[in-house]
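Report on one structure; see the data block that follows.
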Amino acid sequence: MDVLVLIGRVLFALIFLGSAVAHLTKTQAMGAYAASRGVPAAVPATITSGLVILAGGLSIALGIWADLGALLLAAFAFTAAVLMHGFWREEDPQARQTEQTHFLKDTALGGAALMLIAFFSYVGDDLGLTITGPLFDIS
């Protein structure tokens, strides 16, 4: 089971780590997009969110307080869904559908991150192939 959880952790973290790299290397372009969606201080927000998802992704992939990493990713995903993908604001049907797809993807990833928080907390130090156990005890 430990190897399956490790593979799942790494695969889950990959989407966030790829996004973190984009946030931190294409900051101006991503900041301009965030500004177009109404995000205040868009470039600093892009950098901050990039650092948050980098920390969360690495935390889960490496197994260092993975429950805290999952909390960071959940907070990012739900915030991104609402701020960046408000499909209800779109009038064009195609744009509405695209934004709704992104909104649902982000909420699904946020939901998966919430499950990971519970999983890591429940399993505790018994989960192998991690560097630390969970930070939170919510059992």
Side-chain angles (χ1 to χ4, degrees):
M1 180 172 104
D2 295 347
V3 172
L4 290 177
V5 173
L6 173 63
I7 292 167
R9 286 187 356 236
V10 170
L11 292 175
F12 179 75
L14 280 177
I15 191 168
F16 292 101
L17 293 172
S19 184
V21 169
H23 278 72
L24 299 172
T25 60
K26 300 175 182 173
T27 305
Q28 294 303 318
M30 293 189 82
Y33 177 68
S36 77
R37 303 301 290 176
V39 174
V43 171
T46 300
I47 294 168
T48 301
S49 62
L51 293 172
V52 166
I53 56 179
L54 177 64
L58 287 174
S59 171
I60 289 173
L62 298 174
I64 302 171
W65 289 339
D67 54 342
L68 175 60
L71 179 61
L72 292 173
L73 296 182
F76 167 78
F78 292 130
T79 302
V82 172
L83 291 179
M84 300 300 294
H85 303 299
F87 63 91
W88 54 89
R89 296 186 297 251
E90 299 295 333
E91 294 188 23
D92 176 64
Q94 186 174 0
R96 180 183 292 261
Q97 182 63 47
T98 299
E99 292 306 323
Q100 185 175 23
T101 299
H102 288 298
F103 178 88
L104 292 172
K105 170 198 50 108
D106 285 350
T107 56
L109 287 169
L114 291 177
M115 287 189 292
L116 284 177
I117 296 167
F119 173 73
F120 292 132
S121 176
Y122 179 77
V123 174
D125 292 324
D126 292 336
L127 183 62
L129 303 176
T130 60
I131 295 173
T132 69
L135 180 62
F136 307 119
D137 180 12
I138 59 172
S139 55

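The two atoms that bring Ser49 and His23 nearest to each other are OG-CD2, 3.1 Å, heavy atoms only. Considering every non-hydrogen atom in both Ala45 and Val39, the closest pair reads CB-CG1, 4.0 Å. Across Leu73 and Phe12, no two heavy atoms sit closer than the pair CD1-CE2, 4.0 Å. Between Asp125 and Gly133, the shortest heavy-atom distance links the atoms OD1-CA, 3.1 Å. Taking every heavy atom of both residues into account, Ala42 and Ala34 meet most closely at CB-CB, 3.9 Å. The two residues Gly50 and Ala20 have their closest heavy-atom pair at O-CB, 3.6 Å.
To the nearest 0.5 Å, atom CZ of residue Arg9 and atom CG of residue Leu116 are 9.5 Å apart. The distance from the CD atom of Glu90 to the CZ atom of Phe103 is 13.0 Å, given to the nearest 0.5 Å. The line from CG of Leu24 to OG of Ser19 is 9.0 Å long, rounded to the nearest 0.5 Å. Here the straight-line distance linking atom CZ of Phe76 with atom CG of Leu83 works out to 10.0 Å at 0.5 Å rounding. Remark: Leu109 CG to Leu104 CG distance equals 11.0 Å, nearest 0.5 Å. Distance CD1/Ile64 to OG1/Thr130: 9.5 Å, rounded to 0.5 Å.
Panel note: side chain Ser121, backbone Ile117; no donor-acceptor pair is recorded below 3.5 Å. Remark: side-chain polar atoms of Ser36 are paired, donor with acceptor, to backbone N or O of Tyr33 under 3.5 angstrom.
Both Tyr122 and Ile60 are part of a single hydrophobic cluster, where members link through side-chain heavy atoms under 4.5 Å apart. Residue Ile131 is not grouped with residue Phe120 when hydrophobic side chains (ILVMFWY) are merged at heavy-atom distances under 4.5 angstrom, including chains of intermediate members. No continuous path of hydrophobic side-chain contacts links Leu4 to Leu127 [ILVMFWY only; heavy atoms under 4.5 Å]. When the side chains of ILVMFWY residues are joined at heavy-atom separations under 4.5 Å, either directly or via intervening members, Leu54 and Met84 end up in two distinct hydrophobic clusters.
Through direct or indirect side-chain contacts shorter than 4.5 Å among Ile, Leu, Val, Met, Phe, Trp and Tyr, Leu6 is connected to Val3, Ile7, Val10, Leu11, Leu14, Leu129.
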Problem set entry | Audit row: Phe16, Leu72, side-chain contact (heavy atoms from CB on, under 4.5 Å) steps and yes/no | CA-CA 11 Å; Phe16 292 101; Leu72 292 173; over 6 Å; no

Problem set entry | Criterion side-chain contact (heavy atoms from CB on, under 4.5 Å) on Asp126 and Val123, from CA distance to verdict | CA-CA 6 Å; Asp126 292 336; Val123 174; 4.2 Å; yes

Exercise. Going through the distances and angles, do Phe136 and Leu71 end up as a side-chain contact (heavy atoms from CB on, under 4.5 Å)?
Worked result: CA-CA 10 Å; Phe136 307 119; Leu71 179 61; 4.0 Å; yes

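Sorted by first and then second residue, the side-chain hydrogen bond (donor to acceptor under 3.5 Å, both in side chains) pairs with a member in residues 65-87 read His85-Glu99; sequence neighbours excluded.
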